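Sequential numbering from 1 along the given sequence is applied to the chain's residues. Every value quoted in this text rests on a predicted model; they were computed, and no experiment measured them.
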Amino acid sequence: MVLGQLQSFVPLQEHDHYHDACKFGFFSILSNNDHGKKQHSYPLSFLPKIRTLIDPRKDTYISQGEFYKPNRLLVNLARLGLLFLDLDYYNQPELKDLTPQQVAGQVLEYCNFEGIPEPSAIVSSGRGVYLKWYLIKPVPAKALPRWNAIMGHLVALFSKFSADTRAKDACRVLRLEGTTNERTGEIVRVIYQSGQTHDFEDLAREILPACRKLCLEHRQKKIAQSRPQGVTGKGNTTGLQKLSPKQLNWDRLHDLRTLAELRGGVEIGYRDTFLFLATCFVSWFVVDVYDEIRALCHEFSPGLSLAEAHNYSSTAIARAKDAHAGILQNYQGMQVDPRYRFRNQTLIDWLQISSSEERQMKTIISEAEAAERHRERNRKQVTRADYLAKAEDRKNEILQRRAKGESQRQIASTMGISRGAVEYYLRS
């Protein structure tokens, strides 16, 4: 039955499922020429003309994410319209002699057996296969840490198909449908489409091993266990939300940009500070930060040379290299990640952030501002009892409908919720 759903190649515009020609932003094309690989970036409005921009006989790749500047740098990420995997299944002895269609069939059976949401499309890359989960609504750049978490877990789930551990970043390019894999001479083509798009939060709930609450409890437990004996914590008494280091630093980078925008640019006396902090923040996401520094320098310190920019950021770069090499640093008797960590008040002092500017920040805020936001959230928050009562009513209705023989798809359609939500309530 599964194999019967596999489709022969039709000339679909596969990239239209995750790129939107009506939005502002850029996509990149990477292709072979006589001098090696060459990258060009185009406005999203050029998507309908993409066939006139390429030679389909050549190795050609397209960025999976969209960017708000004409390059493919993480610091310029705008949004992501999908999740994806690159399966190098030919590295598995039991799979290497199978056709892409046969591997696609095994993938679909595996998804069904393991309860993994079915890919929206499976693409033959000319040697391996790509799995793609198209999103109903693209996720903005600010959700990158959560997107990364889902991607990392997807790679682990599909390790039996040799999911490429390197092909999971937001700046990734994958082969463009309808072009040629010059290594094998095969055409890149869609071999399966489910016609389904996915809600990002539903995917997170169904793919991640634990819900957000459990993740938070696990992180707090690890923090408590990592404290030296005799050191205790008072807990969160200020209203400041506890974030993972990656989420915190990604949000701080966006706060830095907001601050520069509020000030109409970065004043000369602050350019080295902005550049140093931006490098520290982005080092939590990128192994090779040099290209990112070039973009950050142009953004925050256009008057600086690259040599000066690297000099200002040299210690942050060195610590990033140590972190990605697995080298730890001794701090108060503990082995910790060597990358810089900053207290909010330190950042406020360094950047001389005013109280009015603070109100526009997401994470670089004082304890007083955090406490005020905490009070505001409490004033607006629905009571826990009301939330639990509503959830219990929904759960009971789902159970009653299921007992009457309705399918999960019927229940989801009738109640106006996602199928993933129905499965979640049934499991709970």
Going by heavy atoms in the side chains, are [X] and [Y] under 4.5 Å from each other?
{"X": "Leu73", "Y": "Arg294", "result": "no"}
{"X": "Ile398", "Y": "Ile417", "result": "yes"}
{"X": "Phe158", "Y": "Val107", "result": "yes"}
{"X": "Pro100", "Y": "Tyr89", "result": "yes"}
{"X": "Gln410", "Y": "Arg401", "result": "no"}
{"X": "Asp20", "Y": "Leu44", "result": "no"}
{"X": "Lys362", "Y": "His254", "result": "no"}
{"X": "Leu347", "Y": "Leu277", "result": "yes"}

If you look only at distance, which donor and acceptor atoms sit under 3.5 Å apart when one is on a side chain in residues 316-323 and the other is two or more places apart or in another chain?
residue : atom : partner : partner atom : Å
Arg319  : NH1  : Pro338  : O            : 3.1
Lys321  : NZ   : Tyr290  : OH           : 3.3

Does any pair with a residue in residues 332-361 pass ring-ring contact (aromatic ring centres under 6.0 Å, His included), and if so which ones, sequence neighbours excluded?
->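 Passing the test, one end in residues 332-361: Phe276-Tyr340, Tyr340-Phe342, Phe342-Trp350.
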Between Tyr42 and His40, how do the two ring planes meet: parallel, tilted or perpendicular, split at 30° and 60°?
->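 Ring orientation of Tyr42 relative to His40: tilted.
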Pairing donors with acceptors under 3.5 angstrom, does anything connect the side chains of [X] and [Y]?
{"X": "Thr60", "Y": "Thr179", "value": "no"}
{"X": "Ser120", "Y": "Ser194", "value": "no"}
{"X": "Glu177", "Y": "His15", "value": "no"}
{"X": "Glu118", "Y": "Tyr192", "value": "yes"}

Using a strict 4.0 Å threshold on nitrogen-to-oxygen distance, state whether [X] and [Y] make a salt bridge.
{"X": "Asp251", "Y": "Lys142", "result": "no"}
{"X": "Arg373", "Y": "Glu376", "result": "no"}
{"X": "Glu201", "Y": "Arg146", "result": "yes"}
{"X": "Glu423", "Y": "Arg205", "result": "no"}

Of the non-hydrogen atoms in Leu74 and Cys171, which two are nearest, and what is the gap between them?
->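 For Leu74 versus Cys171, the nearest heavy atoms are N-SG, 3.5 Å.
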Which heavy atom in Glu182 sits nearest to a heavy atom in Asn32, and how many Å separate them?
->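 Closest approach of Glu182 to Asn32: OE2-ND2, 3.2 Å.
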A quick test of your reading: do over 12 heavy atoms of other residues, nucleotides or ligands sit less than 6.0 Å from [atom1] of [X]?
{"X": "Glu114", "atom1": "CD", "answer": "yes"}
{"X": "Tyr68", "atom1": "OH", "answer": "yes"}
{"X": "Gln345", "atom1": "CD", "answer": "yes"}

Just do the side chain to side chain contact (heavy atoms under 4.5 Å, CB included) check on Val123 and Phe84 with the steps written out, would you?
-> CA-CA 10 Å; Val123 180; Phe84 54 84; over 6 Å; no
Suppose we screen for salt bridge (Lys or Arg N to Asp or Glu O under 4.0 Å). Which residues come up paired with [X], at least two apart in sequence or across chains?
{"X": "Glu299", "answer": "Arg257"}
{"X": "Arg394", "answer": "none"}
{"X": "Asp337", "answer": "Arg339"}

May I have the step-by-step check of ring-ring contact (aromatic ring centres under 6.0 Å, His included) for Phe161 and Tyr110, ending in yes or no?
-> CA-CA 10 Å; Phe161 294 95; Tyr110 174 71; 5.6 Å; yes
Criterion side chain to side chain contact (heavy atoms under 4.5 Å, CB included) on Ile364 and Glu357, from CA distance to verdict = CA-CA 10 Å; Ile364 306 178; Glu357 290 172 333; over 6 Å; no
If you round to the nearest 0.5 Å, how far is [atom2] of [Y] from [atom1] of [X]?
{"X": "Leu135", "Y": "Arg79", "atom1": "CG", "atom2": "CZ", "value": "13.0 Å"}
{"X": "Ser63", "Y": "His19", "atom1": "OG", "atom2": "NE2", "value": "4.5 Å"}
{"X": "His298", "Y": "Ile293", "atom1": "NE2", "atom2": "CD1", "value": "16.0 Å"}
{"X": "Leu82", "Y": "Glu14", "atom1": "CG", "atom2": "CD", "value": "8.0 Å"}

With Ser125 via side-chain hydrogen bond (donor to acceptor under 3.5 Å, both in side chains) - residues at least two apart =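 With sequence neighbours excluded, Ser125 shows a side-chain hydrogen bond (donor to acceptor under 3.5 Å, both in side chains) to no residue whatsoever.
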Walk me through it: do Ser31 and Ile54 pass the test side chain to side chain contact (heavy atoms under 4.5 Å, CB included)?
-> CA-CA 8 Å; Ser31 58; Ile54 62 168; 5.9 Å; no
